[in-house]
Amino acid sequence: MIDLRSDTVTKPSPGMLQAMVNAEVGDDVFGEDPTVKELQSEISALLGKEAGLFVPSGVMSNQLALRVHTNPGDEVILESGSHIANHESGAAGALAGVQLLSIKGSRGIIDPTEIENSIRTGYYWEPNPRLVCIENTHNQAGGVIYPLDTILETNEIVRERDLAFHLDGARLWNASIATGVSEAQYAAPFDSISVCLSKGLGAPIGSVLVGSSDFIAQAHRFRKMYGGGMRQVGILAAAGLFALRNQKDDLANDHARAKILAEGLSAIAAFSVDPTRVETNIVMFDVQDDSISALEKMKAAGVLMVPFGPKTIRATTHRDVDDASIDEVLRILNRIF
Ligand SMILES: Cc1ncc(COP(=O)(O)O)c(C=O)c1O
């Protein structure tokens with residue numbers, strides 16, 4: 001089976017397993033795990049923020065940010081295809097008690113003036129606008145990179161209106177590798193950033209939330225409340241550190257393979273895809289009939305992808321698929337479609 005469902009399906013590499021075995025650990029609920037502390041400080045330094053917090057998942061990381069930045073009844077402005085609005089099981093309402101104001105962007109990118117126009121004017125009967133979230137790269141839009149200029153323009157509005165600014169940077173590494181813009185440059189305008197170690201970097205588990213020391217102290221308390229306090233979790237932090245130090249540059253290979261895949265798919269009449277739109281490791285393409293039956297046909301032939309709409313399929317490249325696997329996928333799809 002060639003698994004292109006997600007960049008989360010990778011298995012730990014031999015070097016990563018060794019790093020996990022050798023990890024120095026302690027009880028992190030008592031703040032005594034040296035490897036967790038090392039990971040938190042390495043990532044917060046890389047992103048130019050004061051402090052970091054290791055958490056089990058990207059969802060928890062985003063939700064802690066929402067919880068700390070807002071009060072129940074506040075409004076959070078985000079893009080309508082964002083992970084926070086669509087793929088976090090309604091947590092923003094259930095856990096932070098906020099309401100979401102979704103704006104449809106163009107391929108995941110919101111025109112800053114639309115954000116400006118959507119910020120409420122302050123009547124007491126309105127929800128209190130409090131936070132703007134963006135996603136870089138944007139998953140549902142197909143791994144689209146949020147342009148730095150647009151982020152900076154949005155930030156001017158955010159600051160003028162005294163809101164907070166959160167980045168869901170689950171795949172910020174991909175944006176940085178693809179553009180050469182450093183993670184710190186991307187992170188600078190934001191109050192908080194969530195990054196995932198378990199996506200293209202190839203760690204089995206884990207995300208890190210960064211921000212000011214005060215923000216992270218509050219997030220630390222809510223992490224415990226949400227059941228995310230972990231004990232000898234340096235074993236997993238070691239995997240994250242190994243991924244960050246040794247596997248980040250490999251993302252360029254994933255990007256090149258996604259392009260090759262998209263070009264190959266565009267040559268198959270049953271599919272519709274524009275390879276010039278592939279910016280990182282995600283390929284979105286449309287099928288003529290319905291995505292579910294196309295995916296069943298692929299599965300029977302040994303290829304896994306995921307549906308992202310009635311006619312839309314997502315394929316994601318990652319470190320456990322090589323050039324030969326991509327060639328094989330294209331051979332199979334040419335044969336069965
Ligand atoms: C953009 C984005 N944010 C957040 C997440 C959540 O990460 P996790 O699955 O670790 O909770 C994902 C997961 O795919 C994602 O794509």
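Source: prediction; values computed, not measured. Counting starts at 1 for both ligands and their atoms, following the listed order.
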**Prompt:** Quick one: nearest non-hydrogen protein atom to atom 10 (O) of ligand 1, plus distance?
**Reply:** Gly58 N, 2.8 Å

**Message:** With a 4.0 Å cut-off on N to O distance, would you call Arg245 and Glu38 a salt bridge?
**Reply:** yes

**Prompt:** Does an N or O anywhere in Arg171 fall below 3.5 Å from an N or O of ligand 1?
**Reply:** yes

**Request:** Classify the contact between Ala170 and ligand 1 as side chain, backbone, both or neither, using a heavy-atom distance cut-off of under 4.0 Å.
**Result:** side chain

**Where ligand 1 meets Asn139 - atom numbers and elements under 4.0 angstrom, heavy-atom basis** = 16 (O)

**Request:** Rounded to the nearest 0.5 Å, what's the gap from CD on Glu183 to CG on Asn136? Could you check?
**Result:** 11.0 Å

**Message:** Any salt bridge linking Asp28 with Arg223? Criterion: basic side-chain nitrogen under 4.0 Å from a carboxylate oxygen.
**Reply:** yes

**Item:** Salt bridge Glu296-Lys299, side-chain N to carboxylate O under 4.0 Å
**Value:** no

**Request:** Only counting residues at least two apart or in another chain, list the ones meeting salt bridge (charged side-chain N to carboxylate O under 4.0 Å, His left out) with Arg257.
**Result:** Asp323

**Message:** With respect to Ser207, determine whether any N or O atom, backbone or side chain, lies less than 3.5 Å from an N or O atom of ligand 1.
**Reply:** no

**Message:** Suppose we measure from atom 3 (N) of ligand 1 to each protein heavy atom; which comes out shortest, and what is that distance?
**Reply:** Asp168 OD2, 2.7 Å

**Asked** Can you list the ligand 1 atoms lying under 4.0 Å from a non-hydrogen atom of Ser57?
**Response** 10 (O), 11 (O)

**Complete:** At under 4.0 Å between heavy atoms, what of His138 touches ligand 1? The answer is neither

**Request:** Taking all heavy atoms of Thr316 and all of Arg5, pick out the closest pair and write down the distance.
**Result:** OG1-O, 3.9 Å

**Message:** Can you tell me which portion of Met60 lies within the under-4.0 Å heavy-atom range of ligand 1? Options are side chain, backbone, both, or neither.
**Reply:** neither

**Asked** What residues form a salt bridge (charged side-chain N to carboxylate O under 4.0 Å, His left out) with Arg67, not counting sequence neighbours?
**Response** none

**Request:** For the residue pair His166 and His69, categorise the inter-ring angle as parallel (less than 30°), tilted (30 to 60°) or perpendicular (more than 60°).
**Result:** tilted

**Prompt:** Short N/O distance, under 3.5 Å, between Val59 and ligand 1?
**Reply:** yes

**Prompt:** Where does His87 meet ligand 1, judged by heavy-atom distances below 4.0 Å: at the side chain, the backbone, both, or neither?
**Reply:** neither

**Request:** Could you pull out, from Glu88, Lys199, Glu135, Gln63, the option with a heavy atom nearest to atom 13 (C) of ligand 1?
**Result:** Lys199

**Message:** In terms of relative ring orientation, are His87 and His83 parallel, tilted or perpendicular, with 30° and 60° separating the classes?
**Reply:** tilted

**Request:** Provide, to 0.1 Å, the distance between atom 12 (C) of ligand 1 and the closest protein heavy atom, together with that atom's residue and name.
**Result:** His83 NE2, 3.1 Å

